[in-house]
Amino acid sequence: PSIAFTSVSVALYGLVVLLALFLGTQARVLFGGAAYLEATAGLTVAEYARAGFFQLVVAGGVVVGTLLLADWLTEGREDDRRYRTVGTVLVLLVAALLASAVGRMWLYVDHFGLSTDRAFAIAQMVWVFAALGVFAATVLRGRRARFVPSLLVATIAWVTLLNAANPDAIVVRVNAARAASGAAGSGRGFDVAYHAQLSADALPALLAAAPSLPAADCEALGVALMAEWDRVAAKRRDQEDWRGLDIPLARALAWRERRALPACGGRR
């Protein structure tokens, strides 16, 4: 359409004012962390960490979508400098909001440990940061045609790294280290029931971490793992289908056949 920048500037400047006011008035909530949590009666760590997480992700999508639409509407006009300036400010404001979400998620993990849901939430925030970076490197530099192909490449790389990183194994290693470093009664114990029900991807990490756990947790983990994989093996016999077999699952079933329980020589 090549309309004047002033026709779309109201929406862009309005977003700048809205996000700036939000950050200014909510800075203590967004970045207060443990200090804000301790000073607020009745607020739990879970409530604080989860509050606004998905809204922040949606806000990032709204800002990027609005900037893309504005860039398309004003294409061909001599307003690139003003567009890039306001676009840069908006990207930085959204990045600040996402940094708040990362900080609160970190606080959540510090109190309750890592879970697969929390690991994927963190991974999602990494992707949003990557999308903002791609946007800044393409659209804000006058290369809008490269935005979608570059974002596709970044997304493929993100998915590849996520699979290579093995989130289930990361969950086990983080929580095992957390339990090993926590004092008795600190709430940093190892949740045997939860970890025993993780996927086959987690089994090698669980077997490696078991000896470092307190002896009671190690023994309970061995029993829980064997019971879980006996259940999985029985289910597969009832619903045999080679399409559901993968390498980690095959290795887990082979481990179950060997009955190779972890050696428990940890703390009592």
Side-chain angles (χ1 to χ4, degrees), residues 5 8-33 48-75 77 79-109 114 116-165 167 170:
F5 180 77
V8 299
S9 63
V10 174
L12 297 179
Y13 292 140
L15 278 175
V16 169
V17 172
L18 179 65
L19 292 178
L21 285 174
F22 179 73
L23 278 168
T25 58
Q26 300 294 314
R28 183 166 175 263
V29 178
L30 294 172
F31 303 104
Y48 178 62
R50 294 171 182 170
F53 172 77
F54 290 104
Q55 291 89 331
L56 293 177
V57 175
V58 171
V62 169
V63 169
V64 172
T66 303
L67 285 169
L68 285 172
L69 180 61
D71 181 59
W72 175 70
L73 288 172
T74 58
E75 186 177 20
R77 310 295 295 188
D79 296 306
D80 286 349
R81 185 175 59 83
R82 285 191 291 171
Y83 171 79
R84 291 174 189 175
T85 299
V86 70
T88 301
V89 172
L90 281 171
V91 167
L92 291 175
L93 289 171
V94 171
L97 292 175
L98 290 172
S100 163
V102 171
R104 284 185 284 174
M105 183 59 70
W106 186 262
L107 183 65
Y108 197 13
V109 171
L114 189 63
T116 51
D117 286 345
R118 294 163 203 163
F120 281 110
I122 294 170
Q124 182 181 1
M125 286 187 278
V126 170
W127 180 86
V128 175
F129 271 116
L132 288 175
V134 169
F135 179 84
T138 55
V139 178
L140 293 184
R141 298 182 65 184
R143 302 169 181 172
R144 176 161 55 89
R146 298 184 182 181
F147 174 65
V148 172
S150 300
L151 183 60
L152 179 60
V153 170
T155 303
I156 291 172
W158 174 75
V159 173
T160 302
L161 288 173
L162 191 60
N163 279 275
I170 292 175

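Numbering of residues begins at 1 and proceeds along the displayed sequence. Because only heavy atoms are used, hydrogens play no part in the values below, and waters and symmetry mates are left out as well, while side chains stay in.
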Can you measure from [atom1] ([X]) to [atom2] ([Y]) and round to the nearest 0.5 angstrom?
X      : Y      : atom1 : atom2 : answer
Leu93  : Leu15  : CG    : CG    : 9.5 Å
Leu151 : Ile156 : CG    : CD1   : 10.0 Å
Arg144 : Leu67  : CZ    : CG    : 12.0 Å

- Note on the structure: Exactly one candidate in Leu90, Val16, Leu12, Leu18 meets side chain to side chain contact (heavy atoms under 4.5 Å, CB included) with Val63; the answer is Leu90

Could you report the tightest heavy-atom contact between [X] and [Y], atom names first, then the distance?
X      : Y      : answer
Ala145 : Pro149 : O-CD, 3.4 Å
Leu68  : Tyr83  : N-OH, 4.2 Å
Pro167 : Phe120 : CG-CZ, 4.0 Å

- Query: Going by heavy atoms in the side chains, are Leu114 and Ile122 under 4.5 Å from each other?
  - Reply: yes

Which donor-acceptor pairs under 3.5 Å do the side chains of residues 126-143 make with protein atoms, sequence neighbours left out?
from, atom 1, to, atom 2, distance (Å)
Trp127, NE1, Thr155, OG1, 2.9
Thr138, OG1, Val134, O, 2.7

- Message: Among residues at least two apart in sequence or on other chains, which ones pass side-chain hydrogen bond (donor to acceptor under 3.5 Å, both in side chains) with Thr88?
- Response: none

